[in-house]
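Have a look at the structure below, then the notes.
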Amino acid sequence: MASTPPRRATGLRHALRRLAEATVTPLAPDDYLDLLAPMRPGGGRARIVSVRPEGPATTLLLRPAGRWPGHRAGQYVRLRVEVDGVRCWRCYSLTGPVAPDGTIAVTVGAVPGGAVSIQLAHRTRPGCLVGLAGPYGEFTLPDELPPKVLFVTGGSGITPVMGMLRTHLDDLPDVVLVHSARSPDQVIFGPELRAWAAAGRLRLLERHTDVEGRLRPEDLPALVPDLAERGTWASGPSGLLDDLTALFETRGWGDHLRTEWFRVATGPVGEGGRIRFTRSRSVVDVDGGTSVLDAGERAGVQLPFGCRMGICFGCVVPLTDGCVRDVRNGALTRASPDDPAVVQTCIQVPAGGCTIDA
Amino acid sequence: MTALQHKPASPIAHLDADQVEELGRELDALREKVIIDRGQRDADYIRRLITAQRHLELGSRAVLLVSLFPPAWIVGTVGLTVAKILENMEIGHNVMHGQWDWMRDPKIRSTAWEWDHASPARLWKHTHNDVHHRYTNVLGQDHDLGYGIMRVDEDQPWSRFHLGQPLWNVINMLLFEYGIAVYDLELGKVVMGRGDRERFRANGRMVLTKVGRQALRDYVIHPLLSGPSVLTTLTANVTANVLRNVWTHSVIMCGHFPSGVETFTKQSIVGETRGEWYLRQMLGSANVSGGRLLHLMTGNLSHQIEHHLFPDLPSNRYQEIAPEVRRIFTRYGLTYTTGSFPRQLASAWWKVLRLSLPPADSAQRRRRRRQAHRAA
């Protein structure tokens, strides 16, 4: 077979694929492969190898199904777990290079009230399978490493930076890390960071916000006098990133700053709001009493519909961002581009804005 | 039965408007209780069932590869029949109702599921979820009342065509998946000149593609894969499909045709309230009593009443809420129509036989009309 010309091999593979499809229709061959070999290459899954506490957070080692394509330090993956029967996707930064045994690591910070992080940190056991997609993200160091680097991080925003440090610290001659956490024991990777600092491999400035208060942007030039000369990578809560962006822009260093921000789909919930229909590129503002279906039709969007009373599921479309409320019982459905849902537009009203893929 | 509105003694005459709305609120509260509790247990149920069904189907088809050996033919045919019934009833029908959309699983989802059946999911969802579940038992609107080929209610007009309906019903039973496919095409509408011909043609192509794929799989590919067992695998697959047809047809006859089920006039649902909608579902459906296996094999359509009240609640919950639903029936003085499978099936068939004949009073009515004419 090795001597078979590649085109014929492709043709044969295509024919076999068509035959497999015709044999298992209306299912797809993948449906049976998922059943028989969930960890097959390309199956989009990973097996949890270990779960260990990492200060206030939890580190998970994952073995991806098949060959991991590799990632750049600072990139993230999407993990899928099931919480109360509901599949949820969340983004987590990879906190180091691929290990010699082929595993990758993520560190899950505790999000107050975050069902997914609780599930991953406390209810996940070695051997469990999770969904895995990625790597993604542009928050990386350039190929030619800058001579002087500043990292500004807050809380679990340290995770992508940890990936960069574990991968590149040997090749970064001058690193300053300004990290904010509520208290010393709330610093994720605290011992490892402090050991590097003690060995003189980086300058670590810890800011403990419980006693010192939040880091203000105007504090930064005093803490890091050569701020202007440093390429800066910042990751953390949106408040911190907004402050830094404003500071760098007023000083004319906008291009020195790269930021990473993980948004959780818990945006403000309101009555009514703006509905964006992505495919038809329509935007409509409605009150809390107008269904997504009525709003879309009024704006001239072609939406599927059926009974218009919530029973037939003929109007189901993807909700890709924001929040909607079920008029029958007030139940909220939230989604984000990384964690989309489907909703019945005839009985859902926007709750503070939403994006519909229709 | 006669439309409830034409009956001399209405079974809902004792309920005033406020009571009907109170009934609606009680049922809404029951639904809400299940929604709040819905979670991992339910997700595990459907995932395990789908996994078991797929293993059963794979295993049965594997056994049929040597179907030349008679015990293999029997085991494989029984296994494949059960797998197909589970796929159509407890899995396909319920997934396509959106009962599992809340899990956010892109495969176990009303918009994504395609079932092992001649009728494409998209067409079936329209005639079933939208038309039948919205207009349950409304004469002239719910075409499931006889599928347009049978008279199953005294208030449906009789024609000579209905004399043959016991035979039509047997044929429909044997070929049920194709019967449903033709029904979902809404052929009648086009024949009457009311349908959109362009859409009918597009839908027709979709049905032919689906029927072709299904037939290619069951009647060509799997038999050929069986090598020397080609003919016996073909007969096994035909048998499994026919047995599935007979079973599903029988289960579905028990849902709305047995005696005790009420029908409604078109005028009666104009401006229908939430409470009235619930009331119509309660009186328009019939259950089948039995054990867990029966409930599973009927796709929990043995809980037709609970299903019609809450078509989007996970099917494993119908059994659990049935006692509470029954208590609500009792409290409001309504009849919860139920019976064993043989009894309900016999009752439905009796109706098909009985109503194939012209109404007993039609001769009388004709005579009276003649007399009135003469008198005038």
Side-chain angles (χ1 to χ4, degrees), chain A residues 18-36 38 44 80-89 115 119 123 131 304-319 326-331 333-335 339-344 346-347 357-358, chain B residues 28 31-32 35-36 38-47 50-51 54-55 57-58 61 87 92 96-107 109-117 120-121 125-126 128-131 133-135 210 213-214 216-217 220-222 225 274 277 310-312:
Chain A
R18 290 285 300 274
L19 178 65
E21 282 167 359
T23 308
V24 300
T25 187
L27 296 181
D30 277 354
D31 294 323
Y32 282 107
L33 292 174
D34 281 348
L35 196 69
L36 303 172
R80 186 197 64 219
V81 288
E82 212 169 286
V83 179
D84 288 335
V86 180
R87 289 196 160 181
C88 309
W89 286 93
Q119 180 83 17
R123 299 198 193 124
F305 68 91
C307 67
R308 309 187 83 101
M309 56 186 287
I311 56 164
C312 85
F313 282 67
C315 63
V316 171
V317 291
L319 171 75
D326 188 325
V327 292
R328 298 170 299 182
N329 59 8
T333 302
R334 285 195 174 89
D339 187 24
V342 289
V343 292
Q344 293 169 273
C346 74
I347 43 94
D357 189 25
Chain B
D28 274 341
R31 178 178 186 276
E32 194 51 24
I35 297 243
I36 287 169
R38 193 173 63 178
Q40 196 65 51
R41 173 166 71 95
D42 307 277
D44 290 345
Y45 170 78
I46 192 68
R47 291 237 163 79
I50 290 171
T51 303
R54 288 183 183 168
H55 277 118
E57 180 168 346
L58 266 187
R61 290 197 188 270
E87 198 284 335
M96 289 189 288
H97 259 294
Q99 293 182 4
W100 305 99
D101 278 17
W102 58 273
M103 297 197 305
R104 293 193 177 196
D105 185 319
K107 288 192 168 171
R109 179 176 283 179
S110 60
T111 49
W113 197 270
E114 189 55 69
W115 60 342
D116 180 3
H117 194 279
K125 280 185 287 188
H126 169 66
H128 182 82
N129 291 2
D130 187 8
V131 181
H133 274 267
R134 184 166 20 150
Y135 297 117
K210 179 86 193 282
R213 274 196 202 129
Q214 294 280 115
L216 185 70
R217 180 200 58 197
V220 180
I221 295 179
H222 282 278
L225 287 175
R274 181 112 184 110
W277 185 84
F310 313 114
D312 61 347

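Each chain gets a letter, A, B and so on, in the order its sequence line appears, and its residues count up from 1.
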Under 4.5 Å from any heavy atom of chain B - which part of [X]:
X	value
R328(A)	side chain
D34(A)	side chain
P340(A)	backbone
V343(A)	neither

Taking all heavy atoms of [X] and all of [Y], pick out the closest pair and write down the distance.
X	Y	value
L216(B)	A22(A)	CD2-CB, 4.4 Å
T23(A)	H222(B)	O-NE2, 3.0 Å
D130(B)	G306(A)	OD2-CA, 3.4 Å
V316(A)	S110(B)	CG2-OG, 4.1 Å

Can you tell which part of I46(B) gets under 4.5 Å to a heavy atom of chain A, answering side chain, backbone, both or neither?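 Interface part for I46(B): neither.
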Side chain / backbone / both / neither for W277(B) at chain A, heavy atoms under 4.5 Å: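 Only the side chain of W277(B) comes within 4.5 Å of chain A.
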Counting heavy-atom pairs closer than 4.5 Å to chain B, which one of [options] comes out on top?
options	result
P304(A), A341(A), G85(A)	G85(A)
D31(A), L19(A), V24(A), V83(A)	D31(A)
R308(A), M309(A), E82(A), R87(A)	R87(A)

In terms of heavy-atom pairs under 4.5 Å with chain A, which of [options] leads?
options	answer
R47(B), R61(B), E57(B), R274(B)	R47(B)
V131(B), L225(B), D105(B)	D105(B)
H97(B), R38(B), R134(B), E114(B)	R134(B)
R217(B), E32(B), E87(B)	R217(B)

Any side-chain heavy-atom pair from [X] and [Y] closer than 4.5 angstrom?
X	Y	value
F313(A)	H133(B)	no
R54(B)	L27(A)	yes
T333(A)	R104(B)	yes
P26(A)	H117(B)	no
L58(B)	L36(A)	yes

D116(B) side, atom CG; T25(A) side, atom OG1 - distance, nearest 0.5 Å: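 Nearest 0.5 Å value for the CG-OG1 distance: 8.5 Å.
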Can you measure from CG (L35(A)) to CD1 (I50(B)) and round to the nearest 0.5 angstrom?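 Reported value, rounded in 0.5 Å steps: 10.0 Å.
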Greater than 12 external heavy atoms within 6.0 Å of Y45(B)'s OH: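 Yes, OH of Y45(B) has more than 12 neighbouring heavy atoms, counting only those of other groups under 6.0 Å.
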